[in-house]
Amino acid sequence: MQAPSVGGVMLPRGNGQTVRLSRGASLTDFAEKINANPASLVAVMLNLGEMVTATQSVSDETLQLLAEEMNYVVEIVSPEEEDRELLESFDIEFGENEGGEEMLLPRPPVVTVMGHVDHGKTRLLDAIRKTNVGGGEAGGITQHIGAYQVATHVNDEERRITFIDTPGHEAFTAMRARGAKSTDIAILVVAANDGVMPQTIEALNHAKAAEVPIVVAVNKIDVEGADPTKVRGQLTEYGLVAEEYGGDTMFVDISAKQGLHIDSLLEAVVLTADASLDLRANREQDAQGIAIEAHLDRGRGAVATVLVQRGTLRVGDTMVVGDAHGRVRAMLDDNGQHIEEAGPATPVLVLGLTNVPGAGDNFLVVDEDRTARQIAEKRAARERNAAFAKRTRRVSLEDLDKVLKAGEVQQLNLIIKGDASGSVEALESSLLQLDVGEEVDLRILHRGVGAVTETDIDLAAGSDAIVIGFNVRAEGRATSAAEREGVDVRYYSVIYQVIEEIEAALKGMLKPEYEEVELGTAEIREIFRSSKLGNIAGVLVRSGEVRRNTKARLVRDGKVVAENLTIEGLRRFKDDVTEIREGFEGGINLGSYNDIKVDDVIATYETREKPRG
């Protein structure tokens, strides 16, 4: 029935009925549900003090306010439920339905390694797959996720185990939680000399929340002060009781550095899986699973590491991964070998997607390219609407002190670009969890994978945003555009620095003592081998000047591949020189660092004291 008018506008009055709407719905969407004229809802919002257009995505709070005024109850549909309804509209089932019992065959367990920072997670993964995971990475930290499979022998039978290589520090909470959701078993690494630490408890809680069995690896038993018994006692307080104490948790004493008892740890994983889990999957159905990592490769386009959870993925299949889709052009296993198909619990690198999906996005195989495109487009539209619905207030980092002193509630806008989707997502999650009171809010305007582009700078300029480059640099004319527009672009290679600096800014305490000043860039045109000096880069200086003994970083395809290098040698023809200016050619020696390629860019810089008033 019609209600009395609000400000002269007649509108339908509900009787407490529930209206289901997706995140970022518009007033037109609401009007369709209650059979009303969108224009009348616009007028109602004006009377409530909010200026909203009929087709504009609005926030959940705005929808609740409008519904309350008209005696309706708005139920915001969760992204998971929305996705399920979307797939049902295409007659696609996603989930645990795998057919009859006779179709289920054993599959390898999927394992995530968790634990406190510096307790040896990366070194353990190193020891398991005999390759250097942490080599060359900033601070030796695993910055983004990969996955691989290993074989071990238990009772004279070969058994395979799949490892999801998730980062382990507390800042990567979101990804570790996602890892646990796609995981069968968690290995909790605890250093025998340190014992249980805060992040050990956090990792333990994640594993318990995901309801996965835990195997404890007591690491660093070869270090002075190691006390494995103490670790067992400490973990008993948190519900992990060792088998030798009458419990059901397997503890294995190891040394990842020395490679001690790694086989025993793998055996414990297999035995725990056999004892507590029924790991079987249908190999015959269309493949479904989860994207573990994804990034943009200059030569191959969008590539994603996916974990097949059920069914078999084959080259030529049409797949949807989050809001990306495409036909599988090629698949590579964890050794970089081309393979034609991948069964349950197998991680593979997939080529052929239209764009970079997010870490943790579900993937599924569909019959037609058209279906894949429609699902991906609907998902993308949904995400876009949800993003538009979030309100944005503008404030720059430099203005933050003034804003706080004026007592205004403001919002700090950020744009995050990183080398891989997992890193970007973890960084976003960490920043959004910063608790700095009610003075200022933080808003992520945009996040993406790849180098900082002119489009990012344009967006930042139009909304007073700060651009964060995480293990990536600006490409093309983006640097000059940033200088021209006065956009603050900050580069980082370790996640803790980002969090500390942004937190300090949010608290109005940002007083950096030093700033990094770029001196010059040189493009590698040729590589010369020297038995005495190693590889020497024949370069053309593109901008500024390159000086001897200054710091440098190596950039490949817009991504930083090496930090903290030093220009140890500089030559023009046969002469040693102290500097080479823009437009000139010369030779650069980076000391013991030899992993250089033609087209790489050597960027030199120095840090200068920067007083802040």
**Message:** I need the Leu431 CG to Ile502 CD1 distance, nearest 0.5 Å.
**Reply:** 6.5 Å
**Lys/Arg N to Asp/Glu carboxylate O, Glu516 vs Arg553, below 4.0 Å** = yes
**Request:** List for me each residue that meets side-chain hydrogen bond (donor to acceptor under 3.5 Å, both in side chains) alongside Gln497, sequence neighbours excluded, and say none if there are none.
**Result:** none
**Message:** Go through it in stages, so that I can follow the logic: the residues are Tyr148 and Phe163, the test is ring-ring contact (aromatic ring centres under 6.0 Å, His included), and I'd like the CA-CA distance, side-chain angles, deciding distance and then a yes or no.
**Reply:** CA-CA 5 Å; Tyr148 59 91; Phe163 281 89; 5.6 Å; yes
**Prompt:** Less than 4.5 Å apart, any side-chain heavy atom of Leu427 and any of Val498?
**Reply:** yes
**Item:** Where at least one partner belongs to residues 445-462, residue pairs that pass salt bridge (Lys or Arg N to Asp or Glu O under 4.0 Å), sequence neighbours excluded
**Value:** Lys417-Asp456, Glu428-Arg447, Glu454-Arg477
**Prompt:** Who passes side-chain hydrogen bond (donor to acceptor under 3.5 Å, both in side chains) against Thr162, sequence neighbours left out?
**Reply:** Gln149
**Message:** Ignoring hydrogens and geometry beyond distance, is a side-chain donor-acceptor pair present between Thr521 and Ser543 at under 3.5 Å?
**Reply:** yes
**Asked** Between CG of Leu349 and OG1 of Thr305, what distance do you get to the nearest 0.5 Å?
**Response** 4.5 Å
**Asked** What distance do Asp557 atom CG and Leu296 atom CG have between them, rounded to the nearest 0.5 Å?
**Response** 9.5 Å
**Message:** Check this for me: does any side-chain nitrogen of one of Arg556 and Asp600 sit under 4.0 Å from a carboxylate oxygen of the other?
**Reply:** yes
**Prompt:** Rounded to the nearest 0.5 Å, how far apart are CD of Glu563 and NZ of Lys551?
**Reply:** 10.0 Å
**Request:** Just jot down the salt bridge (Lys or Arg N to Asp or Glu O under 4.0 Å) partners of Asp286, sequence neighbours excluded, or say none.
**Result:** none
**Request:** Run the numbers on Asp323 and Lys378 for side-chain contact (heavy atoms from CB on, under 4.5 Å), then give the verdict.
**Result:** CA-CA 8 Å; Asp323 61 359; Lys378 285 180 185 293; over 6 Å; no
**Complete:** Applying side-chain hydrogen bond (donor to acceptor under 3.5 Å, both in side chains) to Arg123 and not counting sequence neighbours gives none
**Prompt:** Asp317: what forms a side-chain hydrogen bond (donor to acceptor under 3.5 Å, both in side chains) with it, not counting sequence neighbours?
**Reply:** none
**Message:** Between His338 and Leu351, does the side-chain contact (heavy atoms from CB on, under 4.5 Å) criterion hold? Intermediate values first, please.
**Reply:** CA-CA 11 Å; His338 282 268; Leu351 279 64; 5.9 Å; no
**Item:** Whether over 12 other heavy atoms sit under 6.0 Å from Arg298 CZ
**Value:** no
